[in-house]
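Data block below; observations after.
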Amino acid sequence: MDLLKKKILEEGSVEEGDILKVDSFLNHQLDIAFLNEIGKEFKRLFSDKKITKILTLETSGIAIASITAQYFNVPVVFAKKIATKNLDKETYESDVYSYTKRRTYKIKVSKKYIKPDDHILIIDDFLANAQAALGLIDIINQGSATLEGIGIVIEKGFQDGGKLLRERGINLKSLVIIDSLEDGKITFR
Ligand code: 5GP
């Protein structure tokens, strides 16, 4: 997606530890007109799939999942990262190791929102080692729902997540794949 590549080159910055910062449009300030274009692109890429629900992870996935859901006319469910008193006790849970925070945390989704007749599209901002994606897939499996695909805004192709998911036969579509962030230079595949 050329528009996204241009935006990353113009506004993105490379931080220590191979972290790409895109706070001006995706992870802090949200450029809604631009995110709408991303939502339309996900709709185009998964238009042949019967999607009943979009699943993401709080916090950074919520904005892009919500924008995308408008084009599918389906609800968004976001996995919660910590135990809160408000959450239904009847939850599906999984463990996720965070690459950016370097710690493992629990994610939870109420059993009310994942049902066996659901056809689910996972949407997230970044794919690195696929820890977040694997946690969400685990929850979908616990709910006996069907995973229809995974849509990622920015895949870091130099980390193993994409390979791992594609080898499992998962319908993974990334809008851009970054091959390297070496020396602060962003190289696309
Ligand atoms: P994974 O679970 O695939 O290892 O990592 C994906 C998650 O880590 C994403 O949900 C995202 O929040 C975060 N992440 C991984 N790499 C980056 C990065 O380079 N930049 C930002 N902003 N987040 C990242």
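As the structure lists them, so they are numbered: ligands from 1, and atoms in each ligand from 1. These numbers come from a predicted model, not from an experiment.
Contact annotation: the side chain of E15 never approaches that of L20 to less than 4.5 Å [non-hydrogen atoms, C-beta and beyond]. You'll find the side chain of L4 reaches within 4.5 Å of the side chain of F25, heavy atoms only. Here the side chains of V22 and F126 are in contact, with some heavy-atom distance below 4.5 Å. Side chains of I177 and F188 form no contact here, defined as non-hydrogen atoms less than 4.5 Å apart.
Within 4.0 Å of ligand 1, protein heavy atoms belong to D18, I19, L20, N27, S60, T100, D124, D125, F126, L127, A128, N129, A130, Q131, A132, K156, listed by chain and number.
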**Study point:** Intermediate values then yes/no, salt bridge (charged side-chain N to carboxylate O under 4.0 Å, His left out), K7 and D31
**Key:** CA-CA 11 Å; K7 193 91 169 162; D31 183 336; 2.7 Å; yes
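The side-chain contact (heavy atoms from CB on, under 4.5 Å) test with I122 singles out one residue from T56, L147, I152, and that residue is L147.
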